[in-house]
Structure formats: C-alpha cells, structure tokens
Amino acid sequence: MRRAVRTGAKAIFVAMATALAGSVSLVPSEASTAPAAATANWPAYLHGPAHSSYSPGQRTITPSNVGGLVVKWRFQGGPPPVLGQPRRGFLASPTVADGTIYIGSVTGWFYKLSAGTGRVLAKRFIGFQRALTCHPARGFVGTATVATDQSGQRMVYVGAPDGYLYALRASNLSIKWRSVIALPSRKINDYFQWSSPTVAQGRIYIGISSNCDRPLVRAGLVSYMQATGKRQATFFTLPRGMRGASIWSSAAVDPDRFVYVSTGNVQRSFAEPGHTNSIVKLAPFSLRPAGAFKVPRGQVEHNGDFGASPVIFGPFVGACNKNGIFYALRRSTMKVAWSRRVGAEAPRHGVASCSAAAVYDGRVLYVATPRHLIGGTAFGGSVQALNPATGALIWQTGLPNGVIGTPTLDGAGVLAVGTYAFTKRPNAVFLLRASDGRILRRLTRGSQDFAQSVFAGGRIFTANSDGLVAWGL
C-alpha cells in the first residue's frame with residue numbers, strides 16, 4: 001500500500017529554521033501500584049490546547065515491538081441497546097490522566113475506568129439525543145478534558161448531548177458545576193455538542209454547532225471561567241438572524257493566548273457575511289475577531305467546510321478543508337503561507353471527507369486524508385508527512401479506507417491512524433513508522449474508527465463502535 005517520497009533531512013531542518021444532571025453510580029477507587037510510566041497522561045482531545053496529537057514521553061511502544069502488542073482488556077460500555085436508543089460503543093476519544101480513563105459513550109453514560117484493568121471506577125448517566133430530524137440517535141461525541149482548577153481540585157470537563165458543559169470531579173464524577181452551551185429542542189435535532197472543550201489560562205472554550213444541518217443553527221464559540229463555569233464571552237460566526245458556519249471542531253490556543261476556530265458551511269450562498277468556511281483568530285478572553293481566512297470562492301465545493309480542528313505548528317496554524325486542501329496560515333497575518341491538496345473533495349454523502357486534524361511533533365506535520373491518488377494508484381485514504389514550513393511532501397502511504405479520526409504519535413515514532421468508511425474493506429487502526437510511513441501493524445479490524453487512539457501509560461487505547469480496548473506489550 002505504500003508509495004514513499006522523501007526529501008533530505010538537511011533540507012527539512014533548513015526550511016524549518018527559516019520559517020519558524022443525571023444518575024450516578026460509584027465504585028470504590030483502587031490504589032495505584034503501577035510504575036511511573038503508567039501515570040503518563042493524555043489529558044485532552046488532540047493532547048492539549050495547541051492540538052499537537054503528540055506525546056513525546058511515551059516511548060514504550062516502538063516500531064520494533066508493535067508486533068508484540070496484545071489486548072490487555074476490552075470494555076464495551078453501557079447496557080444493551082433498546083429500540084430508539086443508540087447502539088453501544090464510542091465516538092468520543094479516551095482521555096487518560098493519573099492512571100484512569102474518562103470517556104463518554106454513545107448511550108449517554110460517562111465513565112471513569114482503571115487504565116490498568118478497565119474496571120469501572122465511577123459512571124454517570126447524562127443522556128443522549130433521540131433521532132428526530134437527524135439520524136441516528138447520539139450520546140457523547142466530544143472528548144473530555146482533565147485539568148486542575150484554581151482550587152487545586154482535579155476536574156473533568158465535557159460537553160454533553162443535553163447542551164451543557166459539565167465540570168465533574170475526577171475523584172467520583174460528581175458535578176461541581178454545569179453551564180449552558182446551547183440547549184437542544186425536544187421536537188427537532190438542532191443543537192448538538194460535537195466540539196470538545198479546550199482548557200487554557202483559566203478559561204474553557206467550546207464550540208456551538210448543529211447536529212446534521214437539519215436545521216442549521218446560529219453557531220459560535222463560548223468561553224467560561226474554569227473555576228466557576230460562569231460564561232465570559234461568546235463569538236458568533238454569523239450575524240444575528242443567520243444560520244450556519246457551525247464550529248464542529250475544537251478550539252486551539254497559541255502561546256500568546258489567541259484562540260483559533262474552524263467553521264462550517266454556508267446556508268445559502270458563498271456571499272453570506274460572517275465567517276463561513278473559515279479559520280478565525282480570536283483575541284484572548286474577549287473572543288473578538290483578530291483575523292480570519294476564508295476558503296477562496298474557486299476552491300469551495302458542494303459539501304465544503306472545516307470539520308478538522310486547527311493545529312498550531314511553529315509560526316503557523318492550519319487545518320484541512322473538506323475540499324481536500326490543507327491550508328497553512330501565518331498566525332501573525334492569517335494569510336496563506338502554503339496550501340496543498342492532500343485528498344479528494346468530499347462526496348455528496350459527506351462521509352469520506354478531509355476532517356482529521358494534523359499531527360505535529362516539532363519537525364514534521366502528518367496529515368491523514370480521504371481518497372487519494374498515489375503513483376497512479378487510487379487509495380481509499382492516505383497518511384502524508386509534510387515539511388511544516390513549505391508543505392513539501394516527505395512520504396505518503398495509501399490506506400484501504402479514508403480517515404476521519406485524527407491520528408496520534410508517540411515519542412518512539414509510532415503513528416496510529418484509524419480508518420472510517422462504509423465499504424466492504426474492513427476498517428482498522430493502522431500503526432505506521434513515522435520516519436518513512438511503513439505500515440507495521442493493524443489493530444481492531446472491522447469497525448469504523450472515528451475516535452482518536454491515544455498513547456498513555458506505556459499503552460495504546462483505541463475506541464470505536466465495538467468498544468474501548470487497551471493494548472500493551
């Protein structure tokens with residue numbers, strides 16, 4: 001499946017230098033006897049506010065030993081489904097902190113699990129949205145963030161399908177506070193919480209979006225005080241009275257505290273005012289626009305928007321649009337530094353779209369895509385390593401299906417990429433060697449992988465419609 005193109009390491013580094021309220025069930029907590037490596041964390045979606053999706057301290061799993069990975073435990077989650085309720089499984093990604101995993105399921109249960117054994121330490125039922133104007137019914141899709149608040153208490157923050165942002169105590173999942181994001185209707189599927197919370201500098205940022213565009217909503221980004229949940233500021237992507245430009249993705253925050261969001265599709269026409277199909281830079285705390293990039297009219301396609309979250313890399317911020325083009329912008333000006341077609345445009349059904357965030361390890365930018373042509377051969381998806389300063393291709397590897405969930409990278413150079421497509425070819429989590437793109441191993445074959453796999457505590461945790469799995473040596 002591999003077609004590789006390489007550039008010299010010296011050229012890469014020279015270019016870089018140049019550019020640079022529900023029911024709760026509790027189980028007594030267990031004492032941790034794990035070694036120090038098992039406490040290594042993956043505390044948020046895409047790892048942190050910059051969205052690197054890279055865990056440099058995780059070096060247990062290496063390109064030479066991935067063949068020895070075995071299933072340590074498996075957790076399906078939730079009671080058996082009944083008519084009208086979501087099936088069991090996970091669309092949210094696991095968050096790992098202090099030897100425990102926090103994750104919401106499609107059935108509406110939120111769990112705290114032992115990372116070592118998979119045992120349920122606590123759980124809380126918050127709920128799901130029934131299928132009204134959108135299908136299917138959905139529970140949690142957004143990923144939780146674990147952070148210590150100003151009182152020194154370990155907290156879990158998650159956007160829930162009931163339209164609230166929850167602050168749960170990490171010790172037992174009891175509610176410290178909850179605040180309204182946007183409350184969904186009981187008659188139609190309007191608002192839905194796709195976005196995962198970003199915690200930075202005492203603030204929490206989370207997007208407002210529609211469920212499936214039937215109907216569209218007035219979308220935006222909301223910030224809250226981390227300590228109290230008090231709403232601080234709201235950025236609306238469109239003027240009052242207009243609908244669309246959802247923020248399905250999650251906000252990134254740069255070292256200067258500027259906030260970056262990517263937005264969704266237009267409602268009627270490209271000429272609409274506001275920030276549709278855009279990457280927008282927002283001022284710290286006030287969330288006033290400080291710059292923006294909008295996809296040029298000639299590059300807008302029928303299902304075009306940004307489903308991918310923005311990633312901070314060096315002086316740039318970037319994301320892939322559903323038109324199959326990755327845009328790298330200079331953060332100082334929000335002007336295009338480079339752009340590159342990395343995949344095909346989204347089809348009309350909208351599944352095989354360029355919606356995964358990029359991975360950045362400080363030297364190389366890794367992007368995962370839908371349908372792509374490599375050396376004259378058509379692949380269902382691909383992974384590509386790019387020079388972050390110029391967008392030049394280093395290597396590319398074809399995959400049998402497209403990628404929607406964001407890849408993840410450990411410090412030993414193992415890149416985990418899950419595929420998601422409705423085809424006869426089975427989906428899987430592919431483990432690649434980051435240095436050249438060689439496929440080393442396949443995990444969890446047969447399921448659609450929307451969630452991000454994560455490296456933590458010397459293991460890799462994968463989540464999909466079949467459940468949550470811990471893989472270790």
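- Taking the salt bridge (charged side-chain N to carboxylate O under 4.0 Å, His left out) definition, one finds that Asp149 meets it with Lys176, sequence neighbours left out.
- One side chain, Asn277 or Asn321, offers a donor N or O that lies under 3.5 Å from an acceptor on the other.
- Proximity of Val199 to Tyr157: side-chain heavy atoms (C-beta onward) are separated by under 4.5 Å at one or more points.
- Judged by distance alone, the side chain of Thr198 and the main-chain N or O of Ala251 form a donor-acceptor pair under 3.5 Å.
- Taking Gln384 as the reference, His372, Ser382 meet the side-chain hydrogen bond (donor to acceptor under 3.5 Å, both in side chains) condition, with sequence neighbours excluded.
- Taking the six-membered ring where the residue is Trp, Tyr327 and Phe293 present tilted rings, their angle falling between 30° and 60°.
- Residue pairs that meet the disulfide bond (SG atoms under 2.5 Å apart) test with at least one member in residues 192-233, sequence neighbours left out, are Cys134-Cys212.
- Across every non-hydrogen atom of Ala219 and Gly244, the tightest pair is CB-O, 3.7 Å.
- Looking at heavy atoms from C-beta onward, Thr276 lies out of side-chain contact with Thr237 at the 4.5 angstrom threshold.
- For Arg231, the side-chain hydrogen bond (donor to acceptor under 3.5 Å, both in side chains) partners two or more places apart in sequence, or in a different chain, are Thr234.
- The minimum heavy-atom distance linking Ala456 with Asn41 is given by the pair CB-C, 4.4 Å.
- The side chain to side chain contact (heavy atoms under 4.5 Å, CB included) check on Ser209 picks up Trp194, Ser246, Trp248, with sequence neighbours excluded.
- Side-chain atoms of Ser262 and Ser249 include a donor-acceptor pair closer than 3.5 Å.
- Of the possible polar contacts, one joining the Asn323 side chain to the Gln299 backbone as a donor-acceptor pair under 3.5 Å is found.
- The closest donor-acceptor contact from the side chain of Trp109 to the backbone of Tyr111 lies at 3.5 Å or more, if one exists at all.
- In this structure, Arg433 CZ and Leu415 CG are separated by 12.5 Å, a value rounded to the nearest 0.5 Å.
- Residues Ser53 and Gln452 have side chains that bring a donor and an acceptor to within less than 3.5 angstrom of each other.
- The heavy-atom pair separating Val417 from Ala368 by the smallest distance is CG1-CB, 4.2 Å.
- By the side chain to side chain contact (heavy atoms under 4.5 Å, CB included) test, Ala50 pairs with Ile312, sequence neighbours left out.
- Here the two rings, on Phe235 and His275, have centers that are under 6.0 Å apart.
- Cation-pi geometry between Arg203 and Phe285 is satisfied (NZ or CZ under 6.0 Å from the ring centre, within 45° of the ring normal).
- Nearest heavy-atom pair, Cys320 versus Gly324, reported as atom, atom and distance to 0.1 Å: SG-C, 4.2 Å.
- Under the 3.5 Å distance criterion, with hydrogens and angles disregarded, no donor-acceptor pair is assigned to the side chains of Tyr164 and Gln193.
- Remark: Lys281 fails to qualify as a cation-pi partner of Tyr260 under the 6.0 Å distance and 45° angle criteria applied to the six-membered ring.
- A donor-acceptor pair is defined here as one N or O able to donate and one able to accept, closer than 3.5 Å; such a pair exists between the side chain of Thr397 and the backbone of Gly437.
- With sequence neighbours left out, Ala358 forms a side chain to side chain contact (heavy atoms under 4.5 Å, CB included) with Val311, Phe326, Leu365, Val367.
- Distance alone, capped at 3.5 Å, is enough to place a donor-acceptor pair between the Asp410 side chain and the Val414 backbone.
- Checked by atom type and distance alone, the side chain of Tyr360 pairs as donor or acceptor with a backbone atom of Gly362 at under 3.5 Å.
- Between the Ser105 side chain and the Phe90 main chain, no donor and acceptor come within less than 3.5 Å of each other.
- With sequence neighbours excluded, no residue satisfies ring pair (Phe, Tyr, Trp, His ring centres under 6.0 Å) with Tyr205.
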Verdict with reasoning, Arg243 to Ser210, per side-chain contact (heavy atoms from CB on, under 4.5 Å): CA-CA 9 Å; Arg243 302 290 182 265; Ser210 67; over 6 Å; no

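- Looking only at distances, no side-chain donor or acceptor of Ser195 sits under 3.5 Å from a matching main-chain atom of Ile206.
- Note that the CG atom of Leu168 and the CZ atom of Arg178 stand 11.5 Å from one another [nearest 0.5 Å].
- Judged by distance alone, with hydrogens and angles left aside, the side-chain atoms of Gln129 form a donor-acceptor pair with the main-chain N or O of Pro161 at under 3.5 Å.
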I'd like to know whether Lys294 forms a side-chain contact (heavy atoms from CB on, under 4.5 Å) with Thr263, so could you lay out the CA-CA distance, the side-chain angles of the two residues, the decisive distance to 0.1 Å, and finally the verdict. CA-CA 9 Å; Lys294 191 170 187 175; Thr263 71; over 6 Å; no

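- Aromatic pair Phe140/Phe110: ring centres closer than 6.0 Å.
- Applying the side-chain hydrogen bond (donor to acceptor under 3.5 Å, both in side chains) test to every pair with at least one member in residues 331-345, sequence neighbours left out, gives these pairs: Asp254-Arg331.
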Take Trp42 and Thr408 through the test side-chain contact (heavy atoms from CB on, under 4.5 Å) and record every step on the way to the result. CA-CA 11 Å; Trp42 189 283; Thr408 184; 2.8 Å; yes

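- Distance CZ/Phe461 to CD1/Ile103: 11.0 Å, rounded to 0.5 Å.
- The CG atom of Asn265 sits 12.5 Å away from atom CZ of Phe306, with the distance rounded to the nearest 0.5 Å.
- Each of Asn211, Thr107, Asn189 was checked for a side-chain hydrogen bond (donor to acceptor under 3.5 Å, both in side chains) with Arg138, and the lone residue meeting it is Asn211.
- When all heavy atoms of Pro197 and Leu165 are compared, the closest pair comes out as CB-CD1, 4.3 Å.
- Note that CG of Leu282 and CZ of Arg257 are 15.5 Å apart. Values are rounded to the nearest 0.5 Å.
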Go through Tyr102 and Val146 one step at a time and tell me if the side-chain contact (heavy atoms from CB on, under 4.5 Å) criterion holds. CA-CA 8 Å; Tyr102 302 89; Val146 177; 3.7 Å; yes

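- Looking at residues two or more places apart in sequence or on another chain, you find no ring pair (Phe, Tyr, Trp, His ring centres under 6.0 Å) involving Tyr54.
- Remark: the Asn427 side chain and the Asn401 side chain contain an N/O donor-acceptor pair separated by less than 3.5 Å.
- Take Thr462 and apply the side-chain hydrogen bond (donor to acceptor under 3.5 Å, both in side chains) test, not counting sequence neighbours, and it matches Trp471.
- Atoms CE and OG1, from Met155 and Thr145 in turn, are 12.5 Å apart once rounded to the nearest 0.5 Å.
- The backbone N or O of Tyr45 lies less than 3.5 Å from no partner atom in the side chain of Ser196, so there is not a single donor-acceptor pair.
- When all heavy atoms of Leu221 and Leu287 are compared, the pair lying nearest together is O-CD1, 3.8 Å.
- The side-chain tip of Arg218 points at the ring of Phe236 from less than 6.0 angstrom away and within 45° of straight on.
- For Glu301, there are no side-chain hydrogen bond (donor to acceptor under 3.5 Å, both in side chains) partners two or more places apart in sequence or in a different chain.
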